[in-house]
Amino acid sequence: MSIILAPSLLSADFSNLAKDIEMINQSQADWFHVDIMDGNFVPNLSFGFPVLKAIQKYATKPLDVHLMILDPDRYIQAFRDAGAHIITVHYEACTHLHRTIQLIKSTGAKAGVALNPHTPVHMLDSIIKDLDLVLIMSVNPGFGGQKFIANSTYKLQEIKDLVTSRNIQPYIEVDGGIDLKNVKSVINAGANVLVAGNSVFSSANPSKTIEEFKSY
Ligand code: DX5
Ligand code: ZN
């Protein structure tokens, strides 16, 4: 499987979103990573449906929607209607995770589960075969531009071992503090979807940075 790069729009220029979306459309990036925050599950708010629908209007690549919200079941269908191709919920935010995963799949979207830095990989043991994607958070969710937490590399290896032992191939995504210095180690550990916000959008030439990510 080749490496998928999903630039995070959280670090884009919100005063000129269409320009950054067009840059990603024209670049070698594969997906748009879209971070939804509710101010409860995480100590920050991002944006909601009107903005997501505007993104959908311009984006020509799949929308990878990362829900950092409590009780996401209430909004799954609405996110699908707003253009989400992949919907990822947090393990820590779902009381009935199996039900939530089935709900996501019933909308036709791919289903992912994210693990916070403190949540052990083995918590996914009983649900892993139902997942299209596992997201290892390599920072505490809520903000862009944070430092990569080193233990995440070990967790990527653990999830890679788990899926290999079950003979399944969900996407293994890593999100938070990914840059051109640590990209090789997370790929070697098992990641095949890379989220990159700050390292793409704060670089002098974002589409060239995307190209460099894709060359690994
Ligand atoms: C953090 C978000 C990330 C964030 C990553 O809660 O889930 O997707 O945008 O940004 P960087 O790459 O800057 O750490
Ligand atoms: Zn994210």
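The first residue of the sequence shown is numbered 1, and numbering continues consecutively from there.
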Will you find, in the side chains of [X] and [Y], an N or O donor that is under 3.5 Å from an N or O acceptor?
{"X": "Ser152", "Y": "Ser138", "result": "no"}
{"X": "Asp161", "Y": "Gln157", "result": "no"}
{"X": "His66", "Y": "Asp64", "result": "no"}

May I ask you to check whether over 12 heavy atoms, not counting those of [X], lie within 6.0 Å of atom [atom1]?
{"X": "Tyr154", "atom1": "OH", "value": "no"}
{"X": "Asn167", "atom1": "CG", "value": "no"}
{"X": "Lys160", "atom1": "NZ", "value": "no"}
{"X": "Phe143", "atom1": "CZ", "value": "yes"}
{"X": "Lys110", "atom1": "NZ", "value": "no"}
{"X": "Phe148", "atom1": "CZ", "value": "yes"}

Within the distance-only criterion (no hydrogens, no angle test), does the side chain of [X] pair as donor or acceptor with the backbone N or O of [Y] below 3.5 angstrom?
{"X": "Asp179", "Y": "Asn182", "value": "yes"}
{"X": "Asp38", "Y": "Leu70", "value": "yes"}
{"X": "His85", "Y": "Gly83", "value": "yes"}
{"X": "Glu173", "Y": "Val195", "value": "no"}
{"X": "Lys61", "Y": "Ile24", "value": "yes"}

Look at the side-chain heavy atoms of Ile, Leu, Val, Met, Phe, Trp and Tyr, link any pair under 4.5 Å apart, and say whether [X] and [Y] land in one connected group.
{"X": "Leu10", "Y": "Ile36", "answer": "no"}
{"X": "Leu131", "Y": "Ile168", "answer": "yes"}
{"X": "Met68", "Y": "Val139", "answer": "no"}

- Message: A side-chain contact here means heavy atoms from C-beta on lying under 4.5 Å apart; do Ile149 and Asn140 qualify?
- Response: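 Ile149 vs Asn140: side chains touch.
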- Are Tyr91 and Leu97 side-chain neighbours, meaning at least one heavy-atom pair lies under 4.5 Å? yes
- Note on the structure: Nearest heavy-atom approach of Phe213 to Leu180 is N-CD2, 3.7 Å
- Task: Give me the ring orientation class for Tyr75 and Phe49: parallel if the planes are under 30° apart, tilted from 30 to 60°, perpendicular past 60°.
- Result: tilted
- Hey, can you tell me if Trp31 and Tyr171 have their rings parallel, tilted or perpendicular (30° and 60° cut-offs)?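 The arrangement is perpendicular - the two ring planes meet at more than 60°.
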- What do the steps show when you test Ser11 against Val200 for side-chain contact (heavy atoms from CB on, under 4.5 Å), and what is the final call? CA-CA 8 Å; Ser11 295; Val200 165; over 6 Å; no
- All salt bridge (charged side-chain N to carboxylate O under 4.0 Å, His left out) counterparts of Lys214, not counting sequence neighbours: Asp30
- CA sep, side-chain torsions, deciding dist, call: Thr119, Glu92, side-chain contact (heavy atoms from CB on, under 4.5 Å): CA-CA 8 Å; Thr119 305; Glu92 304 83 6; 2.5 Å; yes
